[in-house]
Amino acid sequence: MANIHTPIPNLKLNDGHSIPMLGYGTGTAWYKTGDESKLDQACIDSTKTAIKLGYHHLDGAEIYKTETELGTAIKQSGVAREKLFITTKVLPNIADIPSAIATSLKKLQIDYVDLYLIHAPFFSESKADQQAKWKQMEQVKASGLARSIGVSNYLPQHLETILEICTTPPAINQIEFHPYLQHPDLLKYHREKGIATAAYGPLTAVTKGAGGPADDLLAALAKKYAVSPGEVCLRWCIDQDIVAITTSGKEQRLSDYLRAMTFKLTPNEIKELNEAGSKKNLRGFWKHKFDADDFS
Ligand SMILES: NC(=O)C1=CN([C@@H]2O[C@H](COP(=O)(O)OP(=O)(O)OC[C@H]3O[C@@H](n4cnc5c(N)ncnc54)[C@H](O)[C@@H]3O)[C@@H](O)[C@H]2O)C=CC1
Ligand SMILES: O=CCc1c[nH]c2ccccc12
């Protein structure tokens, strides 16, 4: 069984900080629709299990309403704060970002986050407002409450708006990324501008895309490397220098995912998977917003 002794590689960000390339998410599987103050013990326990297994990159967000669970798990894990990489994201409380992060840090019971993200660009129709919000993100970084700042679900036009006025460019853009949603133009833009990519929904080809054109290749690669098709998907991200953020409430699955650290895909295998995956298009999150194709 893969465990904490299987090292998770780090990716260097454009601000000098490093991010572990496999993260555990407290969103899907855990987000609350109801009363935030009612703590979800299963979320706390699963997050502690993840930390115990060696997931030191933990992905949260204000909108998930699970920041208190994440903070409780961190506190109870016994792992030193500086060994962890903690992300949270702002939305919907974006009017006053310094106030939003203060609230998040209180729930997380920590003094700073490693990474603070604007969760999505869909909060304003105005370019000036997008730029003003990034200036607030820069303030947050300057105050030391976030080591790195970035965005999520941004397209090149949204990034361009920020790059026009920023002093500190986004360190990372967290996007939905899997064989059936490869964003070649966005990735090229990230590389040109030195912005790292993080993938959410990395297992989508397996969890939502079964029966798709990548099935056979994923099965063959899984057999070759003695892992599961999902673990091939995680490795496919990492081998393209893309941070993978996954999750599960099942300890066995969290443990199995770590087998993605035990092999590497060849450049040709990556190319074949890219080609097979590009025959299908699947978006699992924020579809209505991307379909609307505007800022709001
Ligand atoms: N920035 C954003 O807008 C978003 C961020 N996220 C972040 O990314 C994290 C991970 O997102 P996911 O889409 O859940 O990641 P994912 O694509 O890795 O899927 C994980 C899910 O797949 C299930 N799974 C794994 N193997 C399976 C199998 N063989 N058969 C069936 N189900 C299987 C797991 O139990 C878990 O529920 C979230 O918790 C959140 O932190 C997620 C969505 C949007
Ligand atoms: O971040 C993940 C996807 C997402 C978008 N809106 C919500 C609201 C509550 C939980 C997750 C999400």
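Counting starts at 1 for both ligands and their atoms, in listed order. Heavy-atom basis, side chains included; hydrogens, waters and symmetry copies ignored.
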Novice: Considering Thr28, Thr33, Thr26, Ile63, which one's heavy-atom position lies nearest to atom 8 (C) of ligand 2?
Specialist: Ile63

Novice: Specify the protein heavy atom at minimum distance from atom 4 (C) of ligand 2: its residue, its atom name, and the distance to 0.1 Å.
Specialist: Trp286 CZ2, 4.2 Å

Novice: Can you confirm whether the side chains of Glu69 and Thr72 place a donor and an acceptor under 3.5 Å from each other?
Specialist: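 Absent: no donor and acceptor within the cut-off.
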
Novice: Any salt bridge linking Glu192 with Lys188? Criterion: basic side-chain nitrogen under 4.0 Å from a carboxylate oxygen.
Specialist: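 Between Lys188 and Glu192 there is a salt bridge, with a charged N closer than 4.0 Å to a carboxylate O.
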
Novice: How far is atom 9 (C) of ligand 1 from the closest protein heavy atom, and which atom is that?
Specialist: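 Of the protein heavy atoms, Ile245 CG2, 3.7 Å lies nearest.
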
Novice: Would you please determine whether His119 falls within less than 4.0 Å of ligand 2 on a heavy-atom basis?
Specialist: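 His119 counts as a contact of ligand 2 under the 4.0 Å cut-off.
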
Novice: Evaluate Gln240 against Asn274 for side-chain contact (heavy atoms from CB on, under 4.5 Å), listing each step before the verdict.
Specialist: CA-CA 11 Å; Gln240 296 179 89; Asn274 291 353; 3.8 Å; yes

Novice: Looking only at protein heavy atoms, identify the closest one to atom 9 (C) of ligand 2 and say how far it is in Å.
Specialist: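 Ranked first by proximity to atom 9 (C) of ligand 2 is Tyr31 CD1, 3.6 Å.
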
Novice: Just going by heavy-atom distances, which of Tyr64, Tyr200, Trp30 is nearest to atom 2 (C) of ligand 2?
Specialist: Tyr64

Novice: Starting from atom 22 (O) of ligand 1, which protein heavy atom do you reach first, and at what distance in Å?
Specialist: Thr207 CG2, 3.4 Å

Novice: Determine whether any heavy atom of Pro202 lies closer than 4.0 Å to an atom of ligand 1.
Specialist: yes

Novice: Donor-acceptor pair, Tyr257 side chain versus Gly230 backbone, under 3.5 Å?
Specialist: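 No.
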
